[in-house]
Amino acid sequence: MRSYFHFRATYFLLLLVAFPAFGEGALQLSDGNNTLVDTNLWHALDDSVDVANLDAMGKLERIKSTLQNARVMPSLGGQTGAYFTKVTLNIPQKGQYFVIVNANFIDIGLASYSSSYQPIPTFQVFSQLEDDSTPPLLHFQAITVQTATENEQVDLWLLVKAKQFPTPASLSILDSKEFYQYQKFNNGISIAGITAMLILSLLAVLIYTGTRKRVALTCAGYLGFHGVGWAAASGMLNDIFDFPFNSSYGGILLFPFAIACAAQFVSDLFECRTDHKKLFTFLKWLSVTSFILGTAMWFMPFTLAYLLSHLLAMFWIVLTIIIGVGMLKKRDFRAKYFLGGNLLYSMTLGYYIAAHSQYFGELAYSESAVIFALSLDCLCILLCLTEWFKLKQKEFTRNQYLSRIDSMTQLGNRFSLSECIQQIPDCYVIVYIDLDGLKSINDRSGHDEGDKLIVKTASLLQQTFYSLGDVFRSGGDEFVVVLKATSANSIKNVAENAFAQMSELSNELGKQWRDAGVSYGIATSLEAKGPSECISLADKRMYQHKAKSKHPHSH
């Protein structure tokens, strides 16, 4: 990260004068600016110098004689290889200072500094693999410079080598107080963001183990690859584990696999297989292409892999915004979190890209800002997943409701009746009802009129027995009422009341339809061994009642 650090007046002015290595005179730093930009600062190291075998810090002396003839680099941004520089610092106060080399991937980093007060050079290693003696700083490396007197002049030599310098490699110099504040903020944001991504990924895995829904698994891959990728890119993995390789490159190489999972997650989230078939096909091929690209990138030059990974990132950000807007237009509100998170991520990614260019100067905390925004984006992705499950739960509840409710009368159906009698108490009364005159009404006035009769009967039954029990439509013109009794002694009263109510209901139907009425049979729990036997007895009595009915028209 390249950034400005501001100090209060003279007390915090760290550098009064810096002499660039190419010897074009003193570079005067303005008050409050403690960052030395890399314009014409670095020199290309001669290919004859075997940097990999500079196993002792003293061997850094070998490159000093090449200073005058070394090629000056306009900037290290976008370069690869080994480079070195020398800066002479006039530091006004004695104490400990920190020099941050703002380069993301450092395979080899060597530092040497000396002064008139300390003529014997002090050497440090600050590469990703050998930084135990330097302050831990995610994304970058820092070395310490110790001054023993006021206004001490320090000659600082630096050598860096990397497969890719994605940004101009500026130098920032801080005193102890400012450095530890910066370290706390930089490391804190990055660790919190990465930890959040990994925890959210674990939550998605747990959701998958409980539901076995693929959308949860692809979500876990989406979040997990991002979290592990940034843990690698920031240098956290090298700090935690003793890897024999520079893991910071792994963040770039893992990114296509994150996009492969992300494409599948988006397809699952918006149910593209059934609802958006063209988008489903596109996302499927994007996922396959990303996976193949991610595999191939491990075998290609890192500079090319870096370019392809960033092009894929830009394409994915644009695609997700387009998909999010499109889904919201279709009133798919699962997209609200999806679009919000990606908009936030895209804004910080634009800030990150600006920080990696030559045109905006030093922009603070670009890597940490991206990680923080990405962690919030991952939270939004998990919220999308919860929205998906909420929607599925609503659909399940609705289907459960529809499977138990008769659509015409809104009464419970035969399935709902079966559930009811499985939970029925010991004391109950069953009324089995059959409509009389339905066939003649259908023949004379049409089925619409017959449907009105069914609906009217259901409505009267609901009104009559609403507080006494449950009413079900068990067939085309058949109904069952399950009435609950408080005790065995009250069963007779419940049955007698039901008998009276059914007579009134039959008369009420006859007022509107001349041939209409009901035949019914009543049975109690005292007369049967169980609910099924009681229903059968009530059904039998209904047919007996129908035979004696004054309404001769049967169904």
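In this model, a donor atom of one side chain and an acceptor atom of the other lie less than 3.5 Å apart for Ser172 and Asn102. A side-chain N or O of Asp38 and one of Ser75 form a donor-acceptor pair less than 3.5 Å apart. Side-chain polar atoms of Ser459 and Gln463 form a donor-acceptor pair below 3.5 angstrom.
Taking the six-membered ring for Trp and the full ring otherwise, Phe472 and Phe479 have centroids separated by 6.0 Å or more. A distance below 6.0 Å separates the ring centres of Phe105 and Phe302. Between Tyr249 and Tyr306, the distance from one ring center to the other does not fall under 6.0 angstrom.
For the pair Leu319 and Leu286, the minimum side-chain heavy-atom distance is below 4.5 Å. Lys163 is not listed as a side-chain neighbour of Asn246, based on a closest heavy-atom distance of 4.5 Å or more. Contact annotation: the side chain of Leu269 never approaches that of Leu385 to less than 4.5 Å [non-hydrogen atoms, C-beta and beyond]. The side-chain heavy atoms of Met236 and Ser190, taken from C-beta on, include no pair separated by under 4.5 Å. Using a 4.5 Å heavy-atom cutoff, the side chains of Lys184 and Tyr180 are not in contact. Using a 4.5 Å heavy-atom threshold, the side chains of Trp42 and Leu171 count as touching. Side chains of Tyr182 and Leu137 form a contact here, defined as non-hydrogen atoms less than 4.5 Å apart. Phe338 places none of its side-chain heavy atoms less than 4.5 Å from the side chain of Met327.
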Item to complete: Begin from the C-alpha positions of Ile321 and Leu343 and carry the test side chain to side chain contact (heavy atoms under 4.5 Å, CB included) through to its verdict.
Response: CA-CA 7 Å; Ile321 292 175; Leu343 282 174; 3.9 Å; yes
Worksheet item: Would Asp470 and Lys484 count as a side chain to side chain contact (heavy atoms under 4.5 Å, CB included) if you check the C-alpha gap in whole Å, the side-chain angles of each, and the deciding distance to 0.1 Å?
Response: CA-CA 9 Å; Asp470 300 304; Lys484 300 172 185 177; 4.3 Å; yes
Item to complete: Might you work through the side chain to side chain contact (heavy atoms under 4.5 Å, CB included) test for Leu202 and Ile199, ending with a clear yes or no?
Response: CA-CA 5 Å; Leu202 180 59; Ile199 291 176; 5.5 Å; no
Fill in: Audit row: Lys439, Asp443, salt bridge (charged side-chain N to carboxylate O under 4.0 Å, His left out) steps and yes/no
CA-CA 6 Å; Lys439 184 178 185 304; Asp443 293 341; 3.1 Å; yes
Item to complete: Under the salt bridge (charged side-chain N to carboxylate O under 4.0 Å, His left out) rule, what do Lys330 and Asp332 come out as? Steps first, then yes or no, please.
Response: CA-CA 6 Å; Lys330 295 179 180 180; Asp332 189 334; over 6 Å; no
Item to complete: Show your working on side chain to side chain contact (heavy atoms under 4.5 Å, CB included) between Val431 and Gln501 and close with a plain yes or no.
Response: CA-CA 11 Å; Val431 183; Gln501 295 288 353; over 6 Å; no
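When each of Phe255, Phe257, Phe225 is tested with Phe291 by the rule ring pair (Phe, Tyr, Trp, His ring centres under 6.0 Å), just one qualifies, namely Phe257.
Not a single donor-acceptor pair under 3.5 Å links the side chain of Glu478 to the backbone N or O of Tyr432. Not a single donor-acceptor pair under 3.5 Å links the side chain of Ser287 to the backbone N or O of Ala263. Not one N or O on the side chain of Asp107 forms a donor-acceptor pair closer than 3.5 Å with the backbone of Phe245. Listed for the Ser445 side chain is no donor-acceptor partner under 3.5 Å among the backbone atoms of Asn442. A donor-acceptor pair under 3.5 Å is formed between the side chain of Asn238 and the backbone N or O of Ser247. Judged by distance alone, the side chain of Ser375 and the main-chain N or O of Phe372 form a donor-acceptor pair under 3.5 Å. For Thr218 (side chain) and Val215 (main-chain N/O), a donor-acceptor pair under 3.5 Å exists by modelled atom type. Put simply, the side chain of Thr80 gets close to the backbone of Ala162: a donor and an acceptor are under 3.5 Å apart. Checking side-chain atoms of Thr464 against main-chain N and O of Leu461 turns up no donor-acceptor pair under 3.5 Å. Under a 3.5 Å cut-off, the side chain of Asn187 and the backbone N or O of Pro136 do form a donor-acceptor pair.
Annotation: the span from Ile106 atom CD1 to Lys161 atom NZ amounts to 13.5 Å, rounded to 0.5 Å. Between atom OG of residue Ser267 and atom CZ of residue Phe280 there is a gap of 5.0 Å, rounded to the nearest 0.5 Å. To the nearest 0.5 Å, atom CG of residue Leu200 and atom CD1 of residue Ile207 are 9.5 Å apart. Within the model, atoms OG1 of Thr209 and CG of Leu217 stand 10.5 Å from one another, a figure rounded to the nearest 0.5 Å. Taking CG from Leu509 and NZ from Lys456, the interatomic distance works out to 8.0 Å, rounded to the nearest 0.5 Å. Atoms CG and SG, from Asp268 and Cys384 in turn, are 13.0 Å apart once rounded to the nearest 0.5 Å.
Within 6.0 Å of CZ in Arg273 there are 12 or fewer heavy atoms belonging to other residues, nucleotides or ligands.
A pairwise comparison of heavy atoms in Ala142 and Ile100 identifies CB-CG1, 4.1 Å as the closest pair. Contact record, Gln462 with Val471: OE1-CG2, 4.1 Å, taken as the closest heavy-atom pair. Nearest heavy atom pair, residue Ala103 against residue Ala169, reads CB-CB, 4.5 Å. Across every non-hydrogen atom of Leu76 and Phe165, the tightest pair is O-CB, 3.1 Å. Heavy-atom minimum distance, Lys284 versus Gln264: CA-NE2, 3.7 Å. Leu328 and Lys336 make their closest contact through CD2-N, 3.9 Å (heavy atoms, listed as atom of the first residue, atom of the second, distance).
For the pair Lys213 and Phe389, the cation-pi test (distance below 6.0 Å, angle within 45°) is failed.
Ring geometry for Phe98 against Phe179 counts as parallel: the plane angle stays under 30°, on a 0 to 90° scale with 60° as the upper cut.
The pair Asp175-Lys177 does not count as a salt bridge, with every side-chain nitrogen at least 4.0 angstrom from each carboxylate oxygen.
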